[in-house]
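In the text below, chain A, chain B and the rest are named by the order of the sequence lines, each starting its count at 1. From a predicted model like this one, the values you see are computed outputs, not experimental measurements.
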There are 2 protein chains.
Amino acid sequence: MARAARAAQGRQLEHPGTDQIRLEDVLSALSDPIRLRIVHDLSQGHDDMACIAFELPVSKSTSTHHFRVLRESGVIRQHYEGTSRMSRLRTDDLEERFPGLLSAVLLARSMDATVPGRTV
Amino acid sequence: MARAARAAQGRQLEHPGTDQIRLEDVLSALSDPIRLRIVHDLSQGHDDMACIAFELPVSKSTSTHHFRVLRESGVIRQHYEGTSRMSRLRTDDLEERFPGLLSAVLLARSMDATVPGRTV
DNA sequence: GTCAAACTACGACGGTGTTCGTACATTGAG
DNA sequence: CTCAATGTACGAACACCGTCGTAGTTTGAC
C-alpha cells in the first residue's frame with residue numbers, strides 16, 4: 001500500500017457499539033469450539049494476546065476468520081501493536097448489555113468435560 | 001404402520017441425558033431466532049404446549065425441525081399426548097448442568113431490542 | 001371403517017459457515 | 001533498503017443449516 005494511504009487509514013478495526021451487540025450473534029459466535037477456546041483463554045488472564053500466541057489447531061487464515069467473527073459479534077476488542085493484533089474480552093460491555101451471560105458461558109465450559117484442548 | 005409395530009415402538013423420543021448435554025449444542029440451538037422465541041414462550045408459563053400452538057412464521061416441516069434441534073440439544077423435553085407433541089423446557093436439568101446459563105440467555109433476550117416477534 | 005388433525009420423513013434448494021492455500025500488506029529489526 | 005514476522009484478502013472446496021413441499025404415519029372423533 002502507498003505511504004499516504006497507510007497513514008490515512010491507520011489500520012482501523014470495526015467494532016460494534018455496546019448497544020449494537022446482538023444476542024444471536026454472540027451465541028452463534030460462542031457455539032464454535034475454537035472460538036469458545038479463544039474466549040476461555042482470554043478470560044484466564046491471557047488478555048491482550050497476539051493471535052498467533054493461541055496456537056490454535058487451524059491455519060492462519062482460519063484463525064483470522066474466527067477472530068473476526070468474535071470481534072464483529074462484539075465479544076472481543078482488537079487493536080494493532082506493531083505487526084501483531086492484540087485481542088481482549090469485552091467483559092464490561094457484555095456485562096452491561098447481557099448481564100451474567102459471559103460468566104455463565106465460561107462457567108458452563110469449565111463444567112463441560114466434552115470440551116477438549118484446554119490451554120490452562 | 002402395522003398395529004404390532006405401533007404398540008412395540010410406542011412413539012418414543014430420543015433425549016440426551018443431563019450429563020450428555022453439550023454446551024456447544026445448547027449455544028448453537030439458542031442462536032436461531034425462531035428457536036430462541038420457542039424457548040422464550042416456554043419460559044413464560046406456556047409450558048407443555050403443542051408445537052402448533054406457537055404459531056411460528058414457518059412451515060410445519062420447518063417447525064418440526066426446530067423442535068427436534070431443541071430436543072436433541074437437551075434444551076426441551078417432548079412427549080406425545082394424543083396427536084400432539086407437548087414440549088417443555090428442561091429448566092432443572094440445564095440449571096444442574098450449566099448453572100445460570102438459561103436464565104442469562106432469557107434475560108439477555110428480553111434486553112435485546114433487536115429481537116422481533118414477541119408473543120408475550 | 002372413515003375422516004380430519006397433528007406431526008414426521010424425505011428430498012431438494014439456496015444460503016451460510018468453516019477450512020485451506022496463495023498472494024499480498026504492514027511493521028520492526030538489521 | 002532488505003528481510004522476517006504477523007496477519008489480511010481472496011477465492012475455492014466442502015459441509016452444514018434453514019426452508020419448503022409432498023407424501024405418509026398416528027391418533028381421536030364420528
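- Atom pair B:E81:CD and C:dC7:P shows a separation of 11 Å (rounding to whole Å applied).
- Legend: residues meeting side chain to side chain contact (heavy atoms under 4.5 Å, CB included) with B:S59, ordered by chain and number and at least two apart, are B:S61, B:T62.
- Comparing atom distances between the B:C51 side chain and each of C:dT19, C:dC7, C:dT26 picks out C:dC7 as nearest.
- The shortest distance between the side-chain N/O atoms of A:R85 and the OP1/OP2 oxygens of C:dT27 is not below 4.0 Å.
- Rounded to whole Å, atom C1' of D:dT6 lies 19 Å from atom NE2 of A:H65.
- With sequence neighbours left out, the side chain to side chain contact (heavy atoms under 4.5 Å, CB included) criterion links A:L107 to A:S110, A:M111, B:P99.
- Rounded to an integer number of Å, the gap from CZ of A:F67 to C1' of D:dT8 is 14 Å.
- The nearest whole Å value for the distance from the CD1 atom in A:I38 to the P atom in D:dG7 is 12 Å.
- Distances shown here put every side-chain N or O of B:R68 at or beyond 4.0 Å from the OP1 or OP2 atom of C:dC7.
- Nearest nucleotide to the B:I34 side chain, out of D:dT6, D:dT19, D:dT8: D:dT19.
- Listed by chain and residue number, nothing satisfies the side chain to side chain donor-acceptor pair (under 3.5 Å) test with B:E14 (two or more places apart in sequence, or in another chain).
- Shown here for B:I21 and B:S73, the closest heavy-atom pair between the two residues is CG2-O, 3.5 Å.
- Scored by the salt bridge (charged side-chain N to carboxylate O under 4.0 Å, His left out) test, A:R71 finds no partners at all (sequence neighbours excluded).
- Within residues 56-64 of chain A, the residues having any heavy atom closer than 4.0 Å to DNA chain C are, in order of number, A:V58, A:S59, A:S61, A:T62.
- Taking atom NE2 of A:H66 as the reference point, atom P of D:dG7 lies 15 Å away to the nearest angstrom.
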What donor-acceptor contacts under 3.5 angstrom involve side-chain atoms of residues 26-36 of chain A, with partners at least two apart or in another chain?
unit_1 : atom_1 : unit_2 : atom_2 : d
A:S31  : OG     : A:S28  : O      : 2.8
A:D32  : OD1    : A:I34  : N      : 2.9
A:D32  : OD1    : A:R35  : N      : 3.2
A:R35  : NE     : A:A29  : O      : 2.8
A:R35  : NH1    : A:H66  : ND1    : 3.1
A:R35  : NH2    : A:S28  : O      : 3.4

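- Of all the heavy atoms in B:D112 and A:L23, the pair that sits closest is OD2-N, 2.8 Å.
- Here the C1' atom of nucleotide D:dG18 and the CG atom of B:L36 are 16 Å apart, to the nearest Å.
- As rounded to whole Å, 13 Å separates atom C1' of D:dC16 from atom CG of A:D32.
- Across C:dA5, C:dC7, D:dA5, the shortest atom-to-atom separation from the side chain of B:T83 is found for C:dA5.
- Protein atom CZ of B:F54 is 14 Å distant from nucleotide atom C1' of C:dA6, rounded to whole Å.
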